[in-house]
Amino acid sequence: MKLGSFRLKIALLSALISGLVVGGFGLATWYLLYRQKLEAVDTEIRSLGARHPGWLVRGGGFDRFQSSMEFIFGEEHKGKILLLVKDAKGQNLYVSPDWPEELNPDQIDCSLADDPRQRAYSATNSPSVSRGLPWRSGGGSGRGGMGRGPGPGGGGPVVFTKVPRFFAMQAGGSAWRFGVMGNNEMRLVVGLNCDQVKTELNWMRNAILGALPVALLLVGGGGWVVAGRALHPLNTIGEMAEGVTASGLDQRIPSSDADAEISRLIRVLNGMMDRLEASFRQATRFSADASHELKTPLAVMQGELENALQAAEPGSPAQQVFSNLLEETQRLKRITRGLLLLSQADAGQLKLSLEPIDLSAELHEMVEDARVLASDSNLRFDLGIQPGMRVQADRSLLRMALLNLLSNAVKYNETNGSVGVTLATDNDQAVLTVRNSGQGIPLADQSRVFERFFRADQTRGRAKDGLGLGLSLAREIIHAHRGELVLKESRPGHTCFEAKVGPLLRD
């Protein structure tokens, strides 16, 4: 799925990246805390096993040993310390009274690996001493919770000669952490209840999981706000660009010193607008100047051709040539006038001689002119002109625009077809609708009918006289009268144009 909003993308991306960072940090924190808690429990288990190793020498007193541990750790730890003692053959010498029923002591794996440091120590001391005093304790606990005497690092032979092993199990509805320690003759299994540790870890996990959505919302909201502030200059640029038209190319985007990137973009766009304005004004000025300069020679040509046509012998080839040239000259004059008006409209200099006119009466006169054009096509005119509609307009220019619509409805129609003309009011504007029953404009050409010199494929050529400027000129004239001209609909057998002019004048 593609997201359309760049601001939304920034917010979601910020939330995603922050979520990954916060989630990874929370997971790492929880894992480190988990490892620290386990190491603390394992250290406690080693401490319990090495606290009074002398009881191993006496070979008994297990009950007193467990009682002493519970006494040392307090009443709240009662029932939370388990003790299991096995001999070298795996026989149970002692099992705590609170040992969970679902946990079979015989199934506890008490296999241990030899401690390499013990082997190194034995190689440098008397074998008889090592064998005869295997449980003599010292004053501290070394690696793996091994009590040491005056041997290496402690001062005496070690009590636990095996590498301790730790594992976790569920029993009696509680979580337990067990440590297995011992030597060649004995195995000591000490278990600690880890419910409190598990509760703390679960609380930490829930706190992280609960804080993560809140953090994502805050980061996403912050990303949304920051992206909005960052995109505000771009929105201003977009709004300014939307307001730029052919008559408003002098508009520029206000400069900003807030951000270097935005400032550079504004300078580039304003520079582009400068070049476009210069090029457009040059093209407009050329079109206007060329059209203006062509008016005089074309008028002279027309006068000379009219004189030559009158002097030529009737029916002679010369008269036919002069007639054709005069027709082409008049066509050039219409093109020149149309280009001059369009260039003036582009430059915003289309001058209107406004006066109150009766649009309904003018339209009736134009329909009569259109009937003359349609005399050879046997067209039917359907009129719906509301009387008495008056507007402030340039009479000649407005007649030119509306006559273009009527002449097109006649020219691009079918024999024995129909032309519909209606004039009504809508929101204090005069709305003129002109429709015909022609072939229609192809769908691919409908968006281009107002382009200059564009003519749909079926209307190209000289069989139907046209300049390709009529509709574009009509639209510019109606725009100058604060109205609009649009193609409402076109399909085979029905084409409809709508022109709005106004506001209406009230008596």
Side-chain angles (χ1 to χ4, degrees), residues 242 245-247 334-335 338-339 341-342 345-346 350 359 362-363 366-367 369-370 373-374 377 379-386 389 391 393-394 397-415 417-461 463-503:
E242 288 178 351
T245 60
S247 59
R334 293 197 301 273
I335 293 175
L339 288 176
L341 290 174
L342 287 172
D346 291 339
L350 185 61
L359 186 58
E362 293 288 337
L363 192 55
M366 287 183 275
V367 169
D369 294 338
L373 293 175
S377 302
L379 298 181
R380 184 183 76 256
F381 282 79
D382 301 324
L383 305 181
I385 301 175
Q386 182 176 333
M389 300 183 63
V391 295
D394 186 306
L397 290 180
L398 189 58
R399 281 182 64 90
M400 180 188 300
L402 300 185
L403 271 176
N404 179 270
L405 296 178
L406 291 172
S407 62
N408 283 348
V410 171
K411 285 190 296 184
Y412 306 119
N413 209 332
E414 301 289 340
T415 304
S418 64
V419 174
V421 181
T422 60
L423 181 64
T425 61
D426 180 25
N427 293 331
D428 200 37
Q429 281 188 313
V431 180
L432 171 65
T433 302
V434 179
R435 59 187 181 278
N436 74 349
S437 56
Q439 298 179 4
I441 303 172
L443 183 62
D445 295 334
Q446 291 182 15
S447 60
R448 304 183 59 194
V449 292
F450 293 105
E451 293 182 8
R452 298 169 189 182
F453 294 106
F454 175 78
R455 303 175 69 191
D457 290 338
Q458 70 266 31
T459 64
R460 293 188 183 276
K464 296 180 179 179
D465 188 28
L467 306 178
L469 294 175
L471 285 176
S472 58
L473 183 57
R475 185 175 66 170
E476 295 297 338
I477 292 174
I478 292 176
H479 279 178
H481 285 82
R482 293 182 294 176
E484 61 176 347
L485 174 62
V486 295
L487 173 63
K488 291 288 290 184
E489 184 182 9
S490 185
R491 63 178 188 273
H494 179 78
T495 297
C496 178
F497 283 87
E498 181 183 86
K500 292 184 178 181
V501 183

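Residues take their numbers from the sequence shown, with the count starting at 1. Here the structure is a predicted model, which means the values were calculated and not measured. Computation of the quantities below employed the complete heavy-atom set of this structure, encompassing side-chain atoms and omitting hydrogens, waters and symmetry-equivalent molecules.
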Residues forming a side-chain contact (heavy atoms from CB on, under 4.5 Å) with R380, sequence neighbours excluded: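 Partners of R380 by the side-chain contact (heavy atoms from CB on, under 4.5 Å) criterion, ordered by chain and then number, come out as D382, S418.
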Can you tell me how far apart [atom1] ([X]) and [atom2] ([Y]) are? Round to the nearest 0.5 Å.
X    : Y    : atom1 : atom2 : value
N404 : K411 : CG    : NZ    : 7.0 Å
L471 : L485 : CG    : CG    : 7.0 Å
H494 : K488 : NE2   : NZ    : 10.0 Å

Listed once per pair and sorted, the salt bridge (charged side-chain N to carboxylate O under 4.0 Å, His left out) pairs that draw on residues 397-406, sequence neighbours left out: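 Qualifying pairs, neighbours excluded: E362-R399, E365-R399, D369-R399.
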Salt bridge (charged side-chain N to carboxylate O under 4.0 Å, His left out): pairs with one or both residues in residues 431-443, sequence neighbours excluded: none
Any side-chain heavy-atom pair from [X] and [Y] closer than 4.5 angstrom?
X    : Y    : answer
T425 : V431 : no
D394 : H481 : yes
F381 : V367 : yes
Q439 : P492 : no

Backbone N/O of A499 and side chain of E484: donor-acceptor pair under 3.5 Å: no
Flag, side chain of S377 to backbone of A374, donor-acceptor distance under 3.5 Å: no
My understanding is that only residues two or more places apart in sequence, or in another chain, count here; which of them pass side-chain hydrogen bond (donor to acceptor under 3.5 Å, both in side chains) with [X]?
X    : value
D428 : R506
N427 : none
N436 : none

Working for side chain to side chain contact (heavy atoms under 4.5 Å, CB included), residues V410 and L379: CA-CA 8 Å; V410 171; L379 298 181; 4.0 Å; yes
S437 and N413 side chains, donor-acceptor separation under 3.5 Å: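 Yes.
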Result of checking L402, T433, L432, L405 against V421 for side-chain contact (heavy atoms from CB on, under 4.5 Å): L432
